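It should be emphasised that the depicted structure is a prediction, and the values quoted were computed from it without experimental measurement.
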Amino acid sequence: MPASWILLIIIALSVIGYFIAKQRALASGGGDRRVLHSLPKYYGTNAALAAAAPALLILGIWMILQPVVIDSIISSNLPEAVQADRGERSLAMADVQRIADGLDTAVSRGAMTADEAVDIRVGASNVRERLAEVGVALGSEVDANTLQMAQEYRALTSTGNIWRAIAVLVVALGGLAIAYMMTHKDFRARNSVERAILSLLIAAACVAILTTVGIVFSLIFNTHDFFSRYPAEDFFFGTRWEPSFSGRGGASDLGFLPLIWGTLFISLIALLVAVPLGLFSAIYLSEYASKPVRSIVKPLLEMLAGIPTIVYGLFALLTVGPLLLDVFGRDGVLGVNWMSGGTAAMTAGLVMGIMLIPFVSSLSDDIINAVPQAMRDGSFGLGATQSETLRQVILPAALPGIVGAILLAASRAIGETMIVVLGAGAAASLSLNPFEAMTTVTAKIVSQLTGDGEFNSPETLVAFALGMTLFVITLALNIVALWIVRRYREQYE
Amino acid sequence: MTDLTTTPTPGGKRHSYGSLLDESPRTKKRNAAETRFRVYGVIAISIGLIFLAALLFAIVRNGIPAFTQTYIVMDVELTAAKLDKKGNRDIEDIKKVSTFGYNPLIGTALETLVAENGVETEINKGKELRDMLSSGAAAQVRFAVIDNPDLIGTTQEFTLLAGSRVDGYMKGRVDRESLARDPNLSPAHLDIVDALAADGTIKRIFNWDFITGTDASESRPEQAGMGVAILGSFFMMLVVLLLSLPIGVAASIYLEEFAPQNMFTDFIEVNISNLAAVPSIVFGILGLAVFIQFAHLPQSAPIVGGLTLTLMTLPTIVISTRASLKSVPPSIRSAALGVGASKMQSVFHHVLPLAMPGILTGTIIGLAQALGETAPLLLIGMVGYIATNYPDGVASGFLDPNSAMPAQIFEWAKRADPAYYERAWGGIIILLVFLLTMNLIAILLRRRFERRW
Amino acid sequence: MRDNFRAENDVTTNAVKIAARNVQVYYGETHAIKDVSVDIEDKTVTAFIGPSGCGKSTFLRCINRMNDTIDICRVEGDIRIDDEDIYDRRVDPVQLRAKVGMVFQKPNPFPKSIYDNVAYGPRIHGLSRNKSELDDIVERALKRAAIWNEVRDRLHAPGTGLSGGQQQRLCIARAVATEPEVLLMDEPCSALDPIATAQVEELIDELRQNYSVVIVTHSMQQAARVSQKTAFFHLGNLVEFGETDKIFTAPEDPRTESYITGRIG
């Protein structure tokens, strides 16, 4: 029985449960709803939840676990050598799965009878051709072992599915029955329903934890895989980034240093643009600008933050890059020949800086506004001008907060992807020239994962190692920045 | 007060301030510094605004041309001998004639067109003249014929797509000089285009296909449209909305109203604030590893994009929802508890409805952010997929491979033909119109329902 | 020392330092000060008393134009210091505030060291030529504010680390360091405990030797203790102004009497 049917049955059961439990509650109170402990709808909801919640939970867990269990049973049939290597093993299992899916499709399209799908053997008929007829394309000829494993896979899956349906429906009916039995005018249905809702709320709050766990695990497993194929010291201390897609491993240089250098260099340019502009904008808007000016300029600047990064990327690639080339390029206005192509660290850095202006300015604005008015009064009362007050009293007082804001901006810059993918170039270099093409950690994550390389090659897996370092760096920056900002806020609360 | 007795009477050297009416030189200097400081602020803001203006100008100037397209109006004779050799008007036979069968007809039509207009040119072969048209033009005629086989044997007026070079010439993107190095079109073609444009046979009209159409192959930028990508984004946003709003609101209610002060709560809070600042590309890696590698969901499908973006948007929604819950004054809660409501009832009956406008505003802003996000989509395969087919239905809308607006823009930006750059800019205009609308709705909601306690 | 207070109270022959004529203050639509005229003498402590919201603080803030920093505030009329109209177009409020120092209700030391707090004013007004002169100024100001002995060993510790009374005396030191001619004090003791209050009150009496001190206070006892002249404000009006002794013993206006005897507050 497919999962969607089970789902429908569960929903139907819980709707039925709602009405019969409500009815029973009313009946137990002699039809007078005032003698019930809770409102009748709570009795109904209680029964509906009892029918649906545990059943859905079991269904969900079953659906996650069944493939994992079947996978491990089947893969024990694989040759020892294949089993030992995680990559090989997952490739082989993918083949098994594809054939199993193909047989399913063939059966559902009527190209094969169910019995035929179970009994078909490699020798007797060409499985590949039969499957191709129903639109299932297989890369290579099917070997006997794989076909047998695929058939075993199907058998196990269908047995599993039967048990799944039985288990889930028994639990649903059981829950419904227990809730129905318990329904009585003195039963505290509301408390029971509220406890259930509270656990739903807690579960929702845990999604944040699950997301973090998901990120960490997906990075760790694949990073571990990468380091089993490529030495860690060559990755962290290598100064050359030259992946090759022709051979598997060995031929590639996957040095991390040029990438992190490009990342930091571009981020630095971006911060050099964004911090002074953002800070001075914030100071002017919070201390000098009249109300009408502020109410127009602030949203305009914040528009810069609402524009998607892909737009900035295109702006860098097609507008800023050529413009810079016209100025600093070979036949440029300055005639300096520093730049040989539109995509360069400068292009990406400049545009990223523009993007970060509102980020710095609105954070700084908040922080400057958090400095108590008493500080300003004290300074004005001594005859300080506004700029003296700002420079000597407010900015020093706000400094920790502003440092926090800059760290957050830096973390943004380091993690920014689209602008560097489009604007910075693809060549990894350890150059000091800001007008040279550079590449970053994020840009390489994209290019390694969207390339044609095999998934289990170090050239692809390196993206996860890059993602891991990126995650660790930005996480550290964020934690420090948030800690500073929070402590700063508490100081004035 | 022993300190005071040691103080010398300030008669000795007491500083004296002069008349208030004279600005002392020092005050003058300080005021000059003040003015300078102010000017720095004005300069900083001006630079910011100039950047914004430059960005918007670049978008509008480069993107507007994508909304018009060049067409050539011509009469095509749909010769029965070529299109329906058996003469029995059997639709299956007609369908067997591929676009190659239509090409000569169009070529002939062009020859006639050029001759009728009296254009002097060394190009007179239909095959070469056809370079002015899109390679999709033949398909355009073919579809018209398959739609209505009765047209065979008649001469019909068609408005056919011009090629991207001709389109570029009409929009000023291509000139004779740049064609010298271009194998697709020769300057001689442009003489014909000039003549035909003069009498309106070649014209630029509003390009609905750009907004509703499908993406095209790399060689046919004139045919590429955003329609399928818009649908892809729509399905993705549906997933994000349906998941992130309930989960986000539930999580916020727990954290704001029920959570005890303990390590576990702190841990959740730290997680949320950090996730809000994790680079979006990391969410892409998560989506790839969990939804595609582990859960075997279909690659490039809007459901995967939606799930990934949901996880990315959740922290934003939780943070803004908690702010709006916090702004509901405690007196409301006490009032509800005071008449005997349970804590849960006070939250769901009173606090939540009052916080709803703020929650919706935050959600819309979160959705707008997700709509423009590109990096995670790259990793789950939404770029590189050429979205040439509309999904068949709602289920396939979620599950079939598709593109999304920002992914489509990126895809176009990567293609080498400058005609695609124009499409990319045009795509940005469409994307920004969506974002602007969403933000306007959020602002209106806030204005309309904002309550000051 | 306390014994001397009374005896000094009848010194009345001082020159007029601040002369206000027909001062009106508006906060947006609210008419906060209504037609106040008053003469404040040099080397005298003048107390402003009155119920909350009567406008005494607002009027105080007019004297060094602190109200300029509030957008919606509008001042009309004439305030002269040493016969110069401080609202004249040519007057720079920055220069005015150097001459008219101010101490606020809540101690508000800057988040800097004690030394830097006191040196802040002299630095921005350029009162010293070198470091040792600045040191002298700081030391003198701290001594005059009667806090030198408590902080001499930790001049470079943050000013925010002091106790409330110490912080307020630090703020007074900060104000006197710029050598003002008038010192405005806006309820300087309201955030302090009785011991710290007594210290600050003694200090105010000492400061009278050099400055014209104007103090806003909620406490009638305090006004009686430290001031020679008292002005009673009520609902934005200056009801009565005169010798402190006379105001407290034989007020002319019935409203003053009601306030002093505790019937309006």
Side-chain angles (χ1 to χ4, degrees), chain A residues 190 194 197-198 200-202 204-209 211-212 214-215 218-219 222 276-277 280-281 283-284 288 297 300-301 303-304 306-311 314-315 317-319 354 357 385-388 408 411 415-418 422 442 445-446 449-450 464 467 470-471 474-475 478-479 482, chain B residues 30-31 33-34 37-38 40-42 44-45 47-49 51-52 55 58-59 62 247 250-251 253-255 258 267-268 271-275 277-282 285-286 288-290 311 314-315 342 344 368 372-375 378-379 383-384 406 409-410 413 421 424-425 428 431 435 439:
Chain A
R190 201 199 63 227
E194 286 184 352
I197 293 178
L198 188 62
L200 281 182
L201 297 184
I202 295 175
C206 290
V207 170
I209 297 180
T211 309
T212 311
I215 289 176
S218 52
L219 289 173
N222 290 302
L277 291 181
F280 269 107
S281 302
I283 288 172
Y284 188 85
Y288 288 107
V297 173
L300 275 181
L301 277 185
M303 260 178 81
L304 283 173
I307 292 175
T309 52
I310 173 80
V311 180
L314 210 64
F315 186 58
L317 176 70
L318 298 180
T319 309
I354 301 173
I357 291 175
T385 63
Q386 216 157 354
S387 64
E388 285 161 352
L408 281 180
S411 134
E416 173 48 45
T417 310
M418 295 320 296
L422 286 169
T442 50
I445 292 177
V446 171
L449 278 179
T450 54
F464 292 96
L470 179 69
F471 181 68
T474 51
L475 189 71
N478 293 338
I479 289 179
L482 289 173
Chain B
R30 289 170 59 199
N31 282 338
E34 171 76 19
F37 198 70
R38 258 182 112 112
Y40 295 151
V42 174
I45 289 184
I47 294 179
L49 292 181
F51 277 141
L52 176 68
L55 183 59
I59 293 170
N62 297 316
I247 297 179
I253 289 178
Y254 176 70
L255 291 174
F258 294 99
F267 184 59
I268 296 180
N271 262 300
I272 289 176
S273 51
N274 279 319
L275 283 178
V278 164
S280 59
I281 184 109
V282 173
I285 296 181
L286 171 75
L288 174 68
V290 172
L311 296 182
L314 261 180
S342 69
M344 195 67 81
E373 193 58 64
T374 322
L378 299 185
L379 298 195
V383 172
I409 293 168
F410 179 69
Y421 292 159
W425 286 112
I428 282 178
L431 178 63
L435 292 181
N439 279 296

S.K.: Using a cut-off of under 4.5 Å on heavy-atom pairs, state which of B:Asn31, B:Ile268, B:Leu255 scores highest against chain A.
M.R.: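 Of the candidates given, the most pairs with chain A belong to B:Ile268.
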S.K.: Can you see which heavy atom on A:Ser218 is nearest to which on B:Ala289, and at what distance?
M.R.: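 It is CB-CB, 3.1 Å.
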S.K.: If we only count heavy atoms from C-beta on, is the B:Tyr40 to A:Ile283 side-chain gap below 4.5 Å?
M.R.: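 No; the side chains remain at least 4.5 Å from each other.
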S.K.: Nearest 0.5 angstrom please: B:Leu288 CG to A:Asn222 CG, how far?
M.R.: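 Output value for this atom pair is 8.0 Å.
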S.K.: Roughly how far apart are A:Ile354 CD1 and B:Phe51 CZ, rounded to 0.5 Å?
M.R.: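 Rounded to the nearest 0.5 Å, the CD1-CZ separation comes to 4.0 Å.
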S.K.: Looking at B:Ser342, B:Gly48, B:Ser273, which makes the most heavy-atom pairs under 4.5 Å with chain A?
M.R.: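 Among the listed options, the one with the most contacts to chain A is B:Ser342.
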S.K.: Is B:Ala58 in contact with chain A via its backbone, its side chain, both, or neither, using a 4.5 Å heavy-atom distance?
M.R.: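 Contact with chain A involves the side chain of B:Ala58 alone.
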S.K.: Select, from A:Ile197, A:Thr474, A:Thr211, A:Leu422, the one with the greatest count of heavy-atom pairs under 4.5 Å involving chain B.
M.R.: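 Between A:Ile197, A:Thr474, A:Thr211, A:Leu422, the count favours A:Thr211.
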S.K.: Pick whichever of A:Glu194, A:Glu388, A:Gln386 has the most heavy-atom pairs under 4.5 Å with chain B.
M.R.: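 So the answer, after comparing A:Glu194, A:Glu388, A:Gln386, is A:Glu194.
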S.K.: A:Thr385 versus B:Phe37: any side-chain heavy-atom pair under 4.5 Å?
M.R.: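 Of all side-chain heavy-atom pairs linking B:Phe37 with A:Thr385, none is under 4.5 Å.
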S.K.: Heavy atoms only, distances under 4.5 angstrom: which of A:Phe471, A:Phe464, A:Phe315 has the most pairs with chain B? Name it, please.
M.R.: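 Of A:Phe471, A:Phe464, A:Phe315, A:Phe315 has the most heavy-atom pairs under 4.5 Å with chain B.
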S.K.: So, for B:Ile281 and A:Gly415, which heavy atoms are closest and what is the spacing to 0.1 Å?
M.R.: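 Looking at all heavy atoms of both residues, the shortest contact is CG2-O, 4.3 Å.
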S.K.: Nearest heavy-atom pair of B:Gly372 and A:Ile310: which atoms, and what distance?
M.R.: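 Taking B:Gly372 first and A:Ile310 second, the nearest heavy atoms are O-CG2, 4.1 Å.
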S.K.: Begin with the C-alpha distance, continue with both residues' side-chain angles, and end with the deciding distance and a verdict on side-chain contact (heavy atoms from CB on, under 4.5 Å) for A:Ile307 and B:Leu55.
M.R.: CA-CA 10 Å; A:Ile307 292 175; B:Leu55 183 59; 3.5 Å; yes
S.K.: About how many Å separate CG of B:Leu52 and CG of A:Leu304, when rounded to the nearest 0.5 Å?
M.R.: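 If I round to the nearest 0.5 Å, the distance is 4.5 Å.
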S.K.: What part of B:Leu314 lies closer than 4.5 angstrom to a heavy atom of chain A: side chain, backbone, both or neither?
M.R.: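 The side chain, not the backbone.
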S.K.: With a 4.5 angstrom heavy-atom cut-off, is it the side chain or the backbone of B:Ile45 that approaches chain A, or both, or neither?
M.R.: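 Both backbone and side chain.
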S.K.: In terms of heavy-atom pairs under 4.5 Å, which option from A:Val297, A:Thr309, A:Leu198 contacts chain B the most?
M.R.: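 The answer is A:Leu198.
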S.K.: Which heavy atom of A:Ala208 sits nearest a heavy atom of B:Asn271, and at what distance?
M.R.: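 The answer is O-OD1, 4.1 Å.
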S.K.: Under 4.5 Å, counting heavy-atom pairs only, tell me which of A:Ile357, A:Thr319, A:Val311, A:Leu475 racks up the most with chain B.
M.R.: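 Between A:Ile357, A:Thr319, A:Val311, A:Leu475, the count favours A:Val311.
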S.K.: Which answer fits B:Leu275, side chain, backbone, both or neither, if we ask what part of it has an atom under 4.5 Å from a heavy atom of chain A?
M.R.: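 Contact with chain A is through the side chain of B:Leu275 alone.
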S.K.: If we define contacts as heavy-atom pairs under 4.5 Å, which of B:Val290, B:Leu311, B:Asn62, B:Asn274 has the most with chain A?
M.R.: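 Ranked by contacts with chain A, first place is B:Asn274.
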S.K.: Measuring heavy-atom distances to chain B, does A:Ile479 have an atom under 4.5 Å in its side chain, in its backbone, in both, or in neither?
M.R.: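 Both backbone and side chain.
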S.K.: For the CD1 atom of A:Ile209 and the CD1 atom of B:Ile272, what is their distance to the nearest 0.5 Å?
M.R.: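 Taking CD1 in A:Ile209 and CD1 in B:Ile272, the distance rounds to 8.5 Å.
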S.K.: Please classify the contact between A:Leu470 and chain B as side chain, backbone, both or neither, with a heavy-atom cut-off of under 4.5 Å.
M.R.: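 Answer is side chain: those atoms of A:Leu470 sit under 4.5 Å from chain B.
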S.K.: Only pairs of heavy atoms separated by less than 4.5 Å count here; which of B:Val42, B:Asn439, B:Leu435, B:Ile59 has the most with chain A?
M.R.: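 Looking at each of B:Val42, B:Asn439, B:Leu435, B:Ile59 in turn, B:Val42 comes out on top.
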S.K.: Among A:Leu200, A:Thr442, A:Thr212, which residue forms the greatest number of heavy-atom pairs with chain B at distances under 4.5 Å?
M.R.: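 Max contact count across the listed options: A:Thr212.
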S.K.: Given heavy-atom pairs under 4.5 angstrom as the criterion, report whether the side chain, backbone, both or neither of A:Leu314 touches chain B.
M.R.: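 The answer is both parts of A:Leu314.
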S.K.: Kindly give the heavy-atom pair with the smallest separation between A:Ser411 and B:Ala277, and that separation in Å.
M.R.: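 Looking at all heavy atoms of both residues, the closest pair is OG-O, 4.0 Å.
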S.K.: Measure A:Leu317 against the heavy atoms of chain B and call it side chain, backbone, both or neither at under 4.5 Å.
M.R.: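 For A:Leu317, side-chain heavy atoms alone lie under 4.5 Å from chain B.
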S.K.: Just so I understand: if I count every heavy-atom pair under 4.5 Å between each of B:Met344, B:Arg38, B:Glu34, B:Glu373 and chain A, which residue has the most?
M.R.: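 Between B:Met344, B:Arg38, B:Glu34, B:Glu373, the count favours B:Glu34.
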S.K.: Taking all atoms of both residues into account, what is the closest heavy-atom pair of B:Leu378 and A:Met418, and its distance?
M.R.: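 Heavy atoms only, the tightest pair is CD1-SD, 3.9 Å.
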S.K.: So which part of B:Ile47 gets closer than 4.5 Å to some heavy atom of chain A, the side chain, the backbone, both or neither?
M.R.: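 Just the side chain, heavy atoms under 4.5 Å.
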